[in-house]
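Below is one structure, written out as structure tokens; comments come after it.
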There are 2 protein chains.
Amino acid sequence: MHDHTPPPPKDDPAFAKHDHHRCAGEGLARAEEILAGRKVRLTPVRRRTLEILLEDHRALGAYEVLERLAADGFGNQPPVAYRALEFLVDHGLAHRVRRLNAFTACRHSGQDHAPAFLICRQCNAVAEAPADAVRSALDTTADKLGFVIERSNIEALGLCPACRDAA
Amino acid sequence: MHDHTPPPPKDDPAFAKHDHHRCAGEGLARAEEILAGRKVRLTPVRRRTLEILLEDHRALGAYEVLERLAADGFGNQPPVAYRALEFLVDHGLAHRVRRLNAFTACRHSGQDHAPAFLICRQCNAVAEAPADAVRSALDTTADKLGFVIERSNIEALGLCPACRDAA
DNA sequence: CCTTGACCTGTTATGATATTACATAGATAT
DNA sequence: ATATCTATGTAATATCATAACAGGTCAAGG
Ligand SMILES: [Zn+2]
Ligand SMILES: [Zn+2]
Ligand SMILES: [Zn+2]
Ligand SMILES: [Zn+2]
């Protein structure tokens with residue numbers, strides 16, 4: 001007789017070793033595809049901002065992004081970063097993580113969308129978890145009160161698999 | 001022949017006319033009960049802060065609270081408000097609404113807890129919706145990735161029943 | 001009683017996050 | 001080429017939040 005062990009957890013790229021160079025490259029490529037359809041431009045600042053966010057599966061504060069941009073020869077005043085970030089968020093290429101007052105690259109540009117964020121308090125990794133079930137539960141809840149949801153943010157703080165094991 | 005219309009939505013107090021004087025009074029009374037058990041004090045500033053939050057089913061920014069406190073003869077520097085608010089949040093008598101950088105009185109002190117917030121973008125009402133189903137969906141989602149949730153915030157922006165009807 | 005120590009309040013100063021307003025430059029369309 | 005729209009840069013300011021310290025209140029233990 002053999003055990004029916006539960007299926008091993010499927011790690012999110014944010015929490016597992018992976019070919020991140022490729023991961024980031026794909027993010028950028030997908031962004032270009034998506035924007036090509038719309039009549040908007042992925043200008044140098046915007047592109048660079050996205051690259052910066054894609055470097056890591058973390059969320060960066062606007063000022064952190066700004067420093068990087070300034071170092072790359074772009075403007076060094078807050079609106080430079082905030083505008084580029086707003087553009088990315090508006091086009092679904094990045095998300096704002098309210099709990100952290102920070103921004104993170106979207107890892108599912110175009111698809112799915114309406115993620116839940118899982119934030120590791122130890123290593124600061126931010127994963128975008130599929131949230132269809134969560135959204136649907138939330139919609140049902142709101143519906144019972146006659147409330148119409150337009151936008152929502154679902155964010156959880158805790159420990160990623162690696163940091164939990166290390167503890 | 002009669003219609004089987006779906007059951008009417010059960011309004012949250014935040015969205016419906018109700019005896020708010022009583023609603024606020026109960027909030028304060030419940031706070032006293034809860035704190036009585038613990039060895040902490042509901043000092044004048046703290047009590048007044050809670051009263052201010054209870055006045056309305058809205059979320060108030062810390063500086064808004066501070067103004068009110070100062071007008072009542074308390075200190076007029078940010079820590080005065082932030083400390084009182086932190087105390088209330090720590091003891092489950094108020095919640096922080098991250099989307100608004102603001103605080104709202106808890107309407108279910110002691111009970112349940114781990115609400116989802118429904119924020120009306122029109123009238124600014126904030127309702128605390130029961131979030132058990134949502135949390136459970138979120139836990140399941142996190143579990144699949146091996147992530148352990150410690151705290152989470154679930155907030156939705158949209159239109160309350162009244163404002164939706166008005167539109 | 002009166003000292004001690006915990007806790008609370010007040011104040012100063014500063015840090016962190018975000019937006020408004022305006023000027024200039026670049027792209028697009030006629 | 002010119003008008004128009006969009007994007008960028010900068011200055012100034014608004015908004016949100018915390019650190020550090022000084023003084024006051026109060027209850028417990030001597
Ligand atoms: Zn990656
Ligand atoms: Zn981690
Ligand atoms: Zn009420
Ligand atoms: Zn409303």
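Residue numbering restarts at 1 for every chain, and letters A, B, ... go by the order of the sequence lines.
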_Side chain B:Tyr63 and base D:dA17 donor-acceptor under 3.5 Å_ =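 When only heavy-atom distances are counted, B:Tyr63 does reach the base of D:dA17 through a donor-acceptor pair under 3.5 Å.
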Integer-rounded Å distance: [N] [atom2] and [X] [atom1]:
{"X": "A:Leu66", "N": "C:dG15", "atom1": "CG", "atom2": "P", "result": "17 Å"}
{"X": "B:Asp72", "N": "C:dG10", "atom1": "CG", "atom2": "C1'", "result": "16 Å"}
{"X": "B:Leu60", "N": "D:dA17", "atom1": "CG", "atom2": "C1'", "result": "17 Å"}
{"X": "A:Arg98", "N": "D:dC16", "atom1": "CZ", "atom2": "C1'", "result": "13 Å"}
{"X": "A:Leu100", "N": "D:dC16", "atom1": "CG", "atom2": "P", "result": "19 Å"}
{"X": "A:Glu64", "N": "C:dA18", "atom1": "CD", "atom2": "P", "result": "13 Å"}
{"X": "A:Lys39", "N": "D:dT6", "atom1": "NZ", "atom2": "P", "result": "7 Å"}
{"X": "B:Leu42", "N": "D:dC26", "atom1": "CG", "atom2": "P", "result": "15 Å"}

Looking at [Y] and [X], is any side-chain nitrogen of the basic one under 4.0 Å from a carboxylate oxygen of the acidic one?
{"X": "A:Glu155", "Y": "B:Arg98", "answer": "no"}
{"X": "B:Arg46", "Y": "B:Glu51", "answer": "no"}
{"X": "B:Glu55", "Y": "B:Arg68", "answer": "yes"}

Do [X] side-chain atoms and [Y] backbone N/O form a donor-acceptor pair below 3.5 Å?
{"X": "A:Glu150", "Y": "B:Leu157", "value": "no"}
{"X": "A:His20", "Y": "A:His18", "value": "no"}
{"X": "A:Thr104", "Y": "A:His95", "value": "no"}

*Which part of the nucleic acid does B:Arg96 contact within heavy-atom distance under 4.0 Å: base, sugar-phosphate only, or nothing?*
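It contacts sugar-phosphate atoms only.
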*asked:* At under 4.0 Å between heavy atoms, how does the protein contact nucleotides 7-12 of chain D? Give one character per nucleotide, 5' to 3', with B, S or -.
replied: SBBBB-
*Do we count A:Tyr82 as stacking onto C:dT19 if the rule is ring centres under 5.5 Å and planes under 30°?*
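Here the ring of A:Tyr82 and the base of C:dT19 are not stacked, as the 5.5 Å and 30° limits are not both satisfied.
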_Contact check, side chains of A:Glu67 and A:Leu69, non-hydrogen atoms, under 4.5 Å_ =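 No; the side chains remain at least 4.5 Å from each other.
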*asked:* Is the phosphate of C:dA18 approached by A:Asn101 (side-chain N or O, under 4.0 Å from OP1 or OP2)?
replied: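 The answer is yes; a side-chain N or O of A:Asn101 sits under 4.0 Å from OP1 or OP2.
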